[in-house]
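Indexing begins at 1, ligand by ligand and atom by atom, following the structure's order.
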Amino acid sequence: MKNADQENIVIVVHGGAWNIPESLLESTRTGVEAAVREGWQVLIAGGSALDAVEAAVNHMEDNPLFDAGIGAALTRDGDVELDAIIMDGKTLSAGAVAGITHIQNPVSLARKVMEKTSHVMLIADGALKFAKEIGFPLVKKETLITDEALLEWKRFHSFNHTIDELFSHDTVGAVALDKEGNIAAATSTGGITAKMPGRVGDSPIIGSGAYADNKIGGASATGHGESIMKVTLTRHAVYLLEQGLSAQKAAENSLHYMFQRVHGFGGLILLDRVGNVGIHFTTTHMPWAYIKNGNLYSGV
Ligand code: SD4
């Protein structure tokens with residue numbers, strides 16, 4: 001199924017680094033495979049890396065299995081507060097939203113922030129106001145809350161308990177390289193169950209949840225946000241690429257550094273500027289999938 005146009009394009013996605021129970025292993029793997037196919041279709045149709053990561057992330061935001069869009073983890077007070085980022089490696093432009101509700105596809109609103117404002121990040125009420133101003137589709141909060149998220153919320157009613165156990169986390173992310181050589185990265189999440197109201201994790205923070213630079217590569221992170229932010233994990237990994245490490249080594253070394261320095265766990269997907277893939281996680285599981293040369297690879 002491979003043709004010349006497919007030589008240089010690659011897309012890689014993840015569905016969150018956490019201790020996934022056996023019963024969910026297969027469905028999360030199927031979920032990331034479906035999402036990566038969605039992004040790949042965009043790339044082979046000649047779409048941009050930005051379009052491809054947005055499409056792949058939208059697919060997982062719409063899938064209630066993942067902690068992004070529908071199925072988001074709930075705050076201590078049982079609310080939905082979503083974070084997302086998208087970054088364009090061509091210009092280093094980025095758009096992000098944090099602490100938002102009523103939006104099923106936060107990564108698409110983040111893209112609007114990048115394209116329609118002079119800012120990088122909008123939060124909470126301001127982001128919602130912007131969404132209304134541009135006619136972005138809004139949904140009822142209840143649409144985003146699943147029975148599974150409510151169950152998790154009941155189990156993890158204190159923030160400290162949540163971050164220690166790193167249990168219910170399935171942030172989503174994607175990194176793509178298009179045929180023009182452009183790299184884009186995106187990440188979207190509901191955060192961590194029972195987080196404090198107003199808590200913003202790493203996902204929407206440039207250089208923490210995602211980073212992309214055509215000249216070097218791109219990355220999307222998942223895991224314990226407070227740790228990821230302290231080491232600016234995706235920028236750290238991209239920096240290692242810049243220093244000459246392979247994509248795989250950069251992913252491994254960055255996560256090792258995060259563990260050594262702040263005792264944090266997580267996962268990374270990485271592409272270098274020519275489409276070599278790096279995937280690593282220090283949690284028990286992280287569903288991932290990528291398509292390169294027309295072939296799909298996946299794992300969990
Ligand atoms: C956060 N990094 O808000 C996110 C959680 C995550 O898979 O990655 N879950 O801290």
Checklist entry - Hey, looking at atom 10 (O) of ligand 1, which of Glu226, Arg199, Lys195 has the closest heavy atom? => result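 Answer by nearest heavy atom: Arg199.
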Checklist entry - Of Ser188, Gly225, Gly223, which has the heavy atom at the shortest distance from atom 4 (C) of ligand 1? => result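 Nearest option to atom 4 (C) of ligand 1, by heavy atoms: Gly223.
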Under 4.0 Å between a Lys/Arg side-chain N and an Asp/Glu carboxylate O for [X] and [Y]?
X: Glu115; Y: Arg111; answer: yes
X: Lys215; Y: Glu242; answer: no
X: Glu81; Y: Arg76; answer: no

Checklist entry - Can you name the one residue among Leu109, Asp125, Leu128 that meets side chain to side chain contact (heavy atoms under 4.5 Å, CB included) with Ile100? => result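 That would be Leu109.
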Below 4.0 angstrom from a heavy atom of [X], which ligand 1 atoms are there? Numbered from 1 as shown, please.
X: Asp170; answer: 7 (O), 9 (N)
X: Thr171; answer: 4 (C), 5 (C), 6 (C), 7 (O), 8 (O), 9 (N)
X: Gly16; answer: 7 (O)
X: Gly191; answer: 3 (O)

Checklist entry - Quick one: does Asp67 get a heavy atom under 4.0 Å from ligand 1? => result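 False for this residue.
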Next on the checklist: I'd like to check the ring pair (Phe, Tyr, Trp, His ring centres under 6.0 Å) partners of Tyr297; sequence neighbours left out, ordered by chain and number.
Outcome noted: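 Partners of Tyr297 by the ring pair (Phe, Tyr, Trp, His ring centres under 6.0 Å) criterion, ordered by chain and then number, come out as Tyr290.
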Next on the checklist: List the residues meeting side chain to side chain contact (heavy atoms under 4.5 Å, CB included) with Gln41, not counting sequence neighbours, and say none if there are none.
Outcome noted: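 Counting only residues at least two positions away or on another chain, Gln41 forms a side chain to side chain contact (heavy atoms under 4.5 Å, CB included) with Ile44.
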Item to check | Contact (N/O only, under 3.5 Å) between Asp83 and ligand 1 | outcome: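 Among all N and O atoms of Asp83, none is under 3.5 Å from an N or O of ligand 1.
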Checklist entry - Can you check whether Thr222 has an N/O within less than 3.5 Å of an N/O in ligand 1? => result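 Yes; the residue has a nitrogen or oxygen that sits under 3.5 Å from a nitrogen or oxygen of the ligand.
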Item to check | Derivation of the salt bridge (charged side-chain N to carboxylate O under 4.0 Å, His left out) call for Arg29 and Glu26 | outcome: CA-CA 5 Å; Arg29 184 172 180 162; Glu26 211 34 56; 5.0 Å; no
